[in-house]
Engineer: 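So that we are looking at the same thing, I have put the structure below in structure tokens.
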Number of protein chains: 2
Amino acid sequence: MVKDKDLSTEQKILEAAKEVFFDKGMHGARMQDIADKAGINKAMLHYYFRSKDKLFETIFIDATNHLFPMLSSILESDKTVFEKIEVLCSEYINQVAKMPYLPVFILSEASRQQEPFLKKLWKRQKPPLKAFTGMIETAIKQKKIKPVHPLQLLMNILSLCIFPFAAQPILQHAAGISKKDYEAMIEERKKIVPQLIIQSIKK
Amino acid sequence: MVKDKDLSTEQKILEAAKEVFFDKGMHGARMQDIADKAGINKAMLHYYFRSKDKLFETIFIDATNHLFPMLSSILESDKTVFEKIEVLCSEYINQVAKMPYLPVFILSEASRQQEPFLKKLWKRQKPPLKAFTGMIETAIKQKKIKPVHPLQLLMNILSLCIFPFAAQPILQHAAGISKKDYEAMIEERKKIVPQLIIQSIKK
DNA sequence: ATATTTGTTAACCATTTGGTTAAATCGTAT
DNA sequence: ATACGATTTAACCAAATGGTTAACAAATAT
């Protein structure tokens, strides 16, 4: 009665599913493709995960799980606002760089499925939005930074951190540069973005 | 032999197709849905436009057509770098605001179809990228602005202008604000973004 | 009026897709 | 060996989808 099932098949499915889902999106992904990529029979997908939806949810939750807690822990740390923002930006870019397909995926699913997807997205944990706006508002009151609209600031940070990943295929193609070079540019942005943001709120 | 065909049916198809394509994406869109929304028989879609691909291309080209020429004309105008950037940002936001579904759509299709889509995308006209980087490099040589990586600067501009539209469903939901309020924020960004960008390159 | 082109429809088709099933195979405890 | 549960497979199914066809209606030309 040991539950120590051999993970290899289940694991193969999960990895194949991750690739296909993030590449083709929830709708574009084909169960057959996942099965092929995992080197197993299509029926196995339904044996281990009841349906396409369930499989998708498993994949997605796993990929997203780390992000919010990381952001929260940074916001709750005992650093200055500037230090927090610096770490926030660079670490956010860092994490997304590990799964560069996620931004486009989330943006398009959220835009397509709206409510149902967003409900899934925040089900487990909400983004530490209050923590962020709170931090900014406090810093403004303490006159440590210029008075800015916290949401606009957040929008700036997210835009500068996330968009380059979402637009990678287009920009790389338009600028005619290699994947390596593009990744180097993103690496550089771990410094550029915090500078830009901090400069915009520094008194 | 007058080519003055009654546009009503064709027009109905185009408008329905635009809605459905931009809402569901190229793959998610169903020909039947387009036909229903247009209030005509499905076969008419193939009568007027040979295939789903052709119909899609028509829609897409029409939606994109204005953008690049507008950017080019701004870049070629005889304003200062700062003025150009200011107009560039605000006008870009302005244009995208008229079709807020476009960013997610382009990002996801480019990420999904890669080559085929990008080929279609630049077929008619290439983005005035050289004009932009040229302008920046010149300004740097003339010591009018700080030395910056032109592509990084462009990435910043595009991020700040486009991302808020792509992330609207998520951010609006997360921040718990109304569509009206969100649109007001974007309106405000026509000033915020140029300020932020110009501040980052001003000596 | 009548022929001919243009526009429109319902029914149909081949293919694809997520999902099911029943039989087979494998591991293992008895 | 053999029984038994977990795992795996091939064949199958119903629904959906892009696309076609043939017949029908409306407009236009002769």
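Just so it is clear: chains get the letters A, B, ... in the order the sequence lines come, proteins before strands, and each one is counted from 1. All values below were derived from every heavy atom in this structure, side-chain atoms included, with hydrogens, water molecules and symmetry-related copies excluded.
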Engineer: Looking at A:Ile145, A:Val87, A:Ile197, which one forms a side chain to side chain contact (heavy atoms under 4.5 Å, CB included) with A:Phe82?
Structural biologist: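 Testing each of A:Ile145, A:Val87, A:Ile197 against A:Phe82, the sole residue satisfying side chain to side chain contact (heavy atoms under 4.5 Å, CB included) is A:Ile145.
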Engineer: Please confirm whether the shortest side-chain N or O distance from B:Thr9 to OP1 or OP2 of C:dG7 is below 4.0 Å.
Structural biologist: no
Engineer: Could you work out which one of D:dG19, C:dG19, C:dT8 sits closest to the side chain of A:Lys52?
Structural biologist: C:dG19
Engineer: OP1 or OP2 of D:dG18 versus the side-chain N and O atoms of B:Arg30: is any pair under 4.0 Å?
Structural biologist: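 Answer is yes, contact under 4.0 Å.
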Engineer: Starting from P on C:dA24, measure out to CE on A:Met44 and report it in whole angstrom.
Structural biologist: 18 Å
Engineer: Specify the separation, in whole Å, of atom CE of B:Met31 and atom P of C:dT16.
Structural biologist: 18 Å
Engineer: Just wondering, are more than 12 heavy atoms of other shown residues or ligands nearer than 6.0 Å to NZ in A:Lys18?
Structural biologist: no
Engineer: Starting at CD of B:Gln32 and ending at C1' of D:dA15, how long is that distance when rounded to a whole Å?
Structural biologist: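 In whole Å, D:dA15 C1' and B:Gln32 CD are 14 Å from each other.
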Engineer: Output all residues satisfying side-chain hydrogen bond (donor to acceptor under 3.5 Å, both in side chains) with B:Glu137, sequence neighbours left out; order by chain, then residue number.
Structural biologist: none
Engineer: Does some side-chain heavy atom of A:Val148 sit less than 4.5 Å from a side-chain heavy atom of A:Ile136?
Structural biologist: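 Yes, side chains in contact.
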Engineer: To the nearest Å, give me how far apart CG (A:Leu45) and C1' (D:dT9) are.
Structural biologist: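 Nearest whole value for this atom pair: 13 Å.
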Engineer: Please write out the pairs of protein N or O atoms and N or O atoms of nucleotides 10-13 of chain C separated by less than 3.5 Å, giving the distance to one decimal.
Structural biologist:
residue : atom : partner : partner atom : Å
C:dA10  : OP2  : B:Asn41 : ND2          : 3.4
C:dA10  : N7   : B:Asn41 : ND2          : 3.3

Engineer: What is the distance, rounded to the nearest whole Å, between atom OH of B:Tyr48 and atom C1' of D:dG19?
Structural biologist: 18 Å
Engineer: Using whole Å, what does the distance between atom C1' of nucleotide D:dT8 and atom NZ of A:Lys12 come to?
Structural biologist: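 Rounding to the nearest Å, NZ of A:Lys12 and C1' of D:dT8 are 11 Å apart.
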Engineer: In this structure, how many angstroms lie between the P atom of C:dT17 and the NZ atom of A:Lys24, rounded?
Structural biologist: 10 Å
Engineer: Please tell me if A:Tyr47 has a side-chain N or O lying less than 4.0 Å from either OP1 or OP2 of D:dA6.
Structural biologist: no
Engineer: Which one, D:dT7, C:dG18, C:dT6, comes nearest to the side chain of A:His46?
Structural biologist: C:dG18
Engineer: Rounding to a whole Å, what distance do you find between A:Asp53:CG and C:dT17:C1'?
Structural biologist: 14 Å
Engineer: Would you classify B:Ala29 as touching base, sugar-phosphate or nothing, given that sugar-phosphate means primed atoms plus P, OP1 and OP2, and contacts are heavy atoms under 4.0 Å?
Structural biologist: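 Contact class for B:Ala29: sugar-phosphate only.
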Engineer: Is there side-chain contact between A:Gln168 and A:Lys179, with heavy atoms separated by less than 4.5 Å?
Structural biologist: yes
Engineer: For the residue pair A:Asp36 / A:Gln32, report whether a side-chain donor-acceptor contact shorter than 3.5 Å exists.
Structural biologist: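 Short answer, yes.
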Engineer: Between B:Phe22 and B:Phe165, is the gap from one ring center to the other below 6.0 Å?
Structural biologist: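 Distance test on ring centres: not under 6.0 Å, no.
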